[in-house]
Amino acid sequence: MFIFTQKVNTMDFIKITKNKEPNVALIELSRPKDLNALNLQLMGELKDALRELDADDSVRVIVLTGNEKAFAAGADIKQMADKSAIDMLKIDQFSTWDQIRKTKKPLIAAVSGFALGGGCELAMTCDMIIASETAKFGQPEIKIGVMPGAGGTQRLTKALGKAKAMELVLTGRFISAEEAHNYGLVNKVVPVEMYLYEALNLAKEIGNMSPVATQLAKEAVNRSFETHLDEGLYFERKNFYLAFASEDQKEGMKAFIEKRKPDYRGK
Ligand code: DAK
């Protein structure tokens, strides 16, 4: 089957390309002059893009990237600087972040350069991270008088352990891609010219699986972060049974027995 790469639309700060690989959509953050600082408009566009792609049957896996210099250098400090607590409450950025977190399809971050503050949190909100050797991760909010607000204290601590997460959050220091990889924050580190290719390749591999099973499995893995083991196992069990209600399960097992490639339809 030949699939055309299709540029879907160009919003101001987000570019979406479908079928970069079969079943894979690519979202590129695009505010290069500001190191992809996450202003409200960019975050709104990202939320809409993810919601659209999540509902699109031609897409099974989504890759999120920036550019070589920056995945994203954090929330837009210039936009936040003069805001009061009540302004922040009214803007309610949390609903946008919650929506992103609820993306059902596997989401892979392809990170090069700076992934700082909200940028680091955005990468950690993704399910996996492929990093270039030049990637730098950090939560430098403390240096500008605040603290992480989109999950940094929680996700970084789960990934790095308390001592290292505390160091990064309280000093604002960055860690290299290699260090992030050693801690298990990052799946793989590759030379800068390879990071997007590697992420798309991983997405392509996952895109060959049953989309029903990948969504159920993603949900169950994520549940392990949100609950105790008993409840997590119970949740896993329910999704495991549910997978047997899909045609893809029948197709996958039949294809194995018949020694052929499965043809998954997402049903
Ligand atoms: N915001 C706005 N502009 C930024 C930016 C940012 N976070 N990061 C960089 N820029 C802009 C710079 O101002 C500069 O613009 P011009 O001056 O040229 O107009 C341009 O990008 C290039 O940056 P530099 O000249 O500084 O480039 P360098 O290579 O020298 O330095 C750097 C790169 C990444 C080390 C440096 O730019 C830097 O320290 N940037 C700030 C990093 C940072 O502190 N990030 C954390 C921001 S606070 C929330 C959810 C999340 C958050 C908050 C609320 N809710 C759900 C409520 C998150 C908060 C944050 O992320």
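Just follow the structure's listing: the first ligand is 1, and inside any ligand the first atom is 1. All residue numbers in this chain count up from 1 along the given sequence. The basis for the numbers below is simple: all heavy atoms, side chains too, and nothing from hydrogens, waters or symmetry mates. What you are looking at is a predicted structure, and each value in this text was computed from that prediction instead of being measured.
- In the vicinity of Trp97, heavy-atom distances shorter than 4.0 Å reach the ligand 1 atoms 50 (C), 56 (C).
- For Lys69, the closest heavy-atom approach to ligand 1 falls below 4.0 Å.
- Ligand 1 places these atoms under 4.0 Å from at least one heavy atom of Gly118: 58 (C), 60 (C), 61 (O).
- Taking every non-hydrogen atom of Ala150 and a distance limit under 4.0 Å, the qualifying atoms of ligand 1 come out as 50 (C), 51 (C).
- Residue contact annotation: Lys33 has a non-hydrogen atom under 4.0 Å from ligand 1.
- Using a 4.0 angstrom heavy-atom cutoff, Gln79 does not count as in contact with ligand 1.
- Close approach of ligand 1 to Glu121 (heavy-atom distance below 4.0 Å) involves ligand atoms 51 (C).
- Every atom of ligand 1 is numbered from 1 in the order shown, and the set under 4.0 Å from a heavy atom of Lys78 is 3 (N), 11 (C), 12 (C), 13 (O), 15 (O), 16 (P), 19 (O).
- Not one N or O on the side chain of Asn19 forms a donor-acceptor pair closer than 3.5 Å with the backbone of Pro22.
- For atom 44 (O) of ligand 1, the nearest protein heavy atom lies closer than 4.0 Å.
- In this structure the side chain of Phe235 reaches within 4.5 angstrom of the side chain of Glu219, judged on heavy atoms.
- At a 3.5 angstrom cut-off on N or O pairs, Ala73 counts as close to ligand 1.
- Within a 4.0 Å radius of atom 36 (C) of ligand 1, the protein has no heavy atom.
- Between Ala75 and ligand 1, an N or O atom pair is found at a separation short of 3.5 Å.
- Using a cutoff of 4.0 Å between basic side-chain nitrogens and carboxylate oxygens, Asp56 and Lys18 are scored as salt-bridged.
- Considering both main-chain and side-chain atoms, Ile77 comes within under 3.5 Å of ligand 1 through a nitrogen or oxygen pair.
- Lys105 places a side-chain N or O within donor-acceptor distance of the main-chain N or O of Asp54, the cut-off being under 3.5 Å.
- The Leu35 neighbourhood of ligand 1 comprises atoms 9 (C), 21 (O), 22 (C), 23 (O), 27 (O), 33 (C), 34 (C), 37 (O), with distances under 4.0 Å to a heavy atom of that residue.
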